[in-house]
Amino acid sequence: MDLALLRTFVTVHRAGSFTRAAALLGLSQPAVTSQIRTLERQLGRPLFLRQARGVTPTTIGDELAHKAAPHLDALVEITETGLDDESSLRTLHLAGPPEFTAERALPALTELTGEDGQGFALRASFGNAEETLEGLAAGHHDLAISTARPRGALLTASTLCDEEHVLVAAPSWADQLGSGEAVKSVPGVKHAPAFEDVPVVEVHESLPFVSRYWAAVFDSRPAAPGTVVVPDLRAVLACAVAGAGLAVLPRYLCAVALDRGDVVALHEPTVPPLRTYFLVVRTGTLAMPHIARAHEWLLRAAADWC
């Protein structure tokens, strides 16, 4: 059986689409369709059910993928390891949310860059979860950091870490609210004390961070609209320090400002809201040494981020 046909088959199986598989393989869609038909003729069985949006594997298709995919991935690993010598510096393409990627992932991965035969060149791009996962699926990235767990067989996700969200504001706002200390949650009481009168600093008009915090802690929606809206959490922190209003921020991002007293925590919930990050790759690409090394390195580094 032609290995090229099997490679195309496994790619279609993981992608769930001839069109997406063609883009990943660098082939035209008719070429992919032709290869799948050839393989189906050789086996005498249909491998996929064609649908309006993509394809669904038949029972035979699932069985063949289960048997063939590990061996094809192993062949890729052998090939890639053989090519990974001192003269070839691979490039790792990473995508993720701007703040977390800049503050956490990139400093960790910088240790792996270089020309020592084990390192790689590094390229990064920023985007939201939907953008980064779409780019990864299309083959534009090698690794993606996402706050959404992907569905389907094309992408494989590992839990990276959880981040705690903190409700903060400049000390002047805490003074106006009548307390220099964080208000503690009272069991059974789910209201936002006097916070409704404080202006809000956020990354989007929909108030994603504040709304998530209010829903988790107060079981309600914030009443105040966004007073300052800037599309970067680091800018949100700067505005909060300047006294523009309250903000909900990841603890890792505002920890230094909290220690210095530039901002204070306005509230101390019984259970702090958390958000999970996932490290995502296209299924099978961990056979490539530079991707596997970066993946393992980030998972190890994340143990100290939680």
Side-chain angles (χ1 to χ4, degrees), residues 4-37 39-40 43 45-77 80 92-97 100-101 105 125-162 275-288 291-292 294-296 298-299 302:
L5 297 182
L6 280 178
R7 177 171 177 258
T8 298
F9 161 72
V10 169
T11 304
V12 172
H13 186 273
R14 288 170 171 170
S17 162
F18 285 177
T19 302
R20 179 168 283 178
L24 292 172
L25 293 166
L27 300 173
S28 67
Q29 182 176 335
V32 170
T33 301
S34 176
Q35 288 188 19
I36 295 300
R37 286 175 176 169
L39 186 57
E40 289 177 327
L43 296 173
R45 302 282 189 87
L47 298 173
F48 296 102
L49 300 176
R50 279 68 168 176
Q51 299 178 333
R53 298 181 64 180
V55 294
T56 301
T58 62
T59 302
I60 297 299
D62 274 333
E63 183 180 352
L64 178 60
H66 178 73
K67 292 180 178 179
H71 300 289
L72 287 172
D73 292 342
L75 287 173
V76 170
E77 183 175 8
E80 293 294 331
L92 180 82
H93 295 271
L94 173 72
F100 187 89
T101 305
S125 59
F126 300 142
N128 59 35
E130 182 179 0
E131 293 167 343
T132 56
L133 292 180
E134 285 182 355
L136 179 64
H140 302 314
H141 318 306
D142 300 313
L143 282 176
I145 297 171
S146 170
T147 53
R149 183 187 288 275
R151 298 179 179 179
L154 179 60
L155 303 179
T156 301
S158 301
T159 300
L160 188 60
C161 67
D162 293 324
R275 183 168 68 165
T276 301
Y277 284 96
F278 300 97
L279 186 58
V280 191
V281 296
R282 285 189 307 285
T283 302
T285 57
L286 288 180
M288 300 181 181
I291 298 178
H295 185 271
E296 180 182 4
L298 283 176
L299 290 177

Where at least one partner belongs to residues 52-69, residue pairs that pass side-chain hydrogen bond (donor to acceptor under 3.5 Å, both in side chains), sequence neighbours excluded: H13-D62, Q51-T56, E63-K67
Non-neighbouring partners of E131 that pass side-chain hydrogen bond (donor to acceptor under 3.5 Å, both in side chains), sequence neighbours left out: none
Quick one, V55 and I36 - any side-chain contact, counting heavy atoms below 4.5 Å? no
Could you check whether any side-chain N or O of T8 sits under 3.5 Å from a backbone N or O of A4, counting only pairs where one atom can act as donor and the other as acceptor? yes
Shortest non-hydrogen contact from R50 toward E40: NH1-OE2, 3.1 Å
With rounding to the nearest 0.5 Å, note down the distance linking CG in L47 to CZ in R37. 13.0 Å
Any idea which heavy atoms bring P70 and A65 closest together, and the distance? CD-O, 4.1 Å
Drop me the distance from H141's NE2 to L133's CG, to the nearest 0.5 angstrom. 9.0 Å
Does D142 form a side-chain contact (heavy atoms from CB on, under 4.5 Å) with V281? I'd like the steps, not just the answer. CA-CA 6 Å; D142 300 313; V281 296; over 6 Å; no
Nearest 0.5 angstrom please: H295 NE2 to L279 CG, how far? 4.0 Å
4.5 Å side-chain heavy-atom contact, L64 and L6: yes
Taking atom CG of L155 and atom CZ of R149, what is their separation to the nearest 0.5 Å? 12.0 Å
Tell me whether T276 contacts the main-chain N or O of D162 through its side chain, where contact means a donor paired with an acceptor under 3.5 Å. no
Is any side-chain heavy atom of T159 closer than 4.5 Å to a side-chain heavy atom of F278? yes
So, for Y277 and P97, which heavy atoms are closest and what is the spacing to 0.1 Å? CE2-CG, 3.8 Å
State, to 0.1 Å, how close A105 and L94 come at their nearest heavy-atom pair, and which atoms those are. CB-CD2, 4.2 Å
S146 to V280 - nearest heavy-atom pair and separation: CB-CG2, 4.4 Å
Validation row: L160, L299 side chains within 4.5 angstrom (heavy atoms): yes
Quick one: closest heavy-atom pair of L154 and A137, and the distance? CD2-CB, 3.7 Å
Enumerate donor-acceptor pairs with a distance under 3.5 Å from any side-chain N or O in residues 17-29 to protein atoms, sequence neighbours excluded.
{"unit_1": "S17", "atom_1": "OG", "unit_2": "T19", "atom_2": "N", "d": "3.2"}
{"unit_1": "S17", "atom_1": "OG", "unit_2": "R20", "atom_2": "N", "d": "3.1"}
{"unit_1": "T19", "atom_1": "OG1", "unit_2": "Q29", "atom_2": "OE1", "d": "2.8"}
{"unit_1": "S28", "atom_1": "OG", "unit_2": "A31", "atom_2": "N", "d": "3.2"}

With a 4.5 Å cut-off on side-chain heavy atoms, are L286 and E296 touching? no
Can you confirm whether L43 sits close enough to F9 that some side-chain heavy atom of one is under 4.5 Å from a side-chain heavy atom of the other? no
Within the 4.5 Å heavy-atom criterion, are T132 and I145 side-chain neighbours or not? no
Exactly one candidate in T11, V10, V12 meets side chain to side chain contact (heavy atoms under 4.5 Å, CB included) with R14; the answer is V10
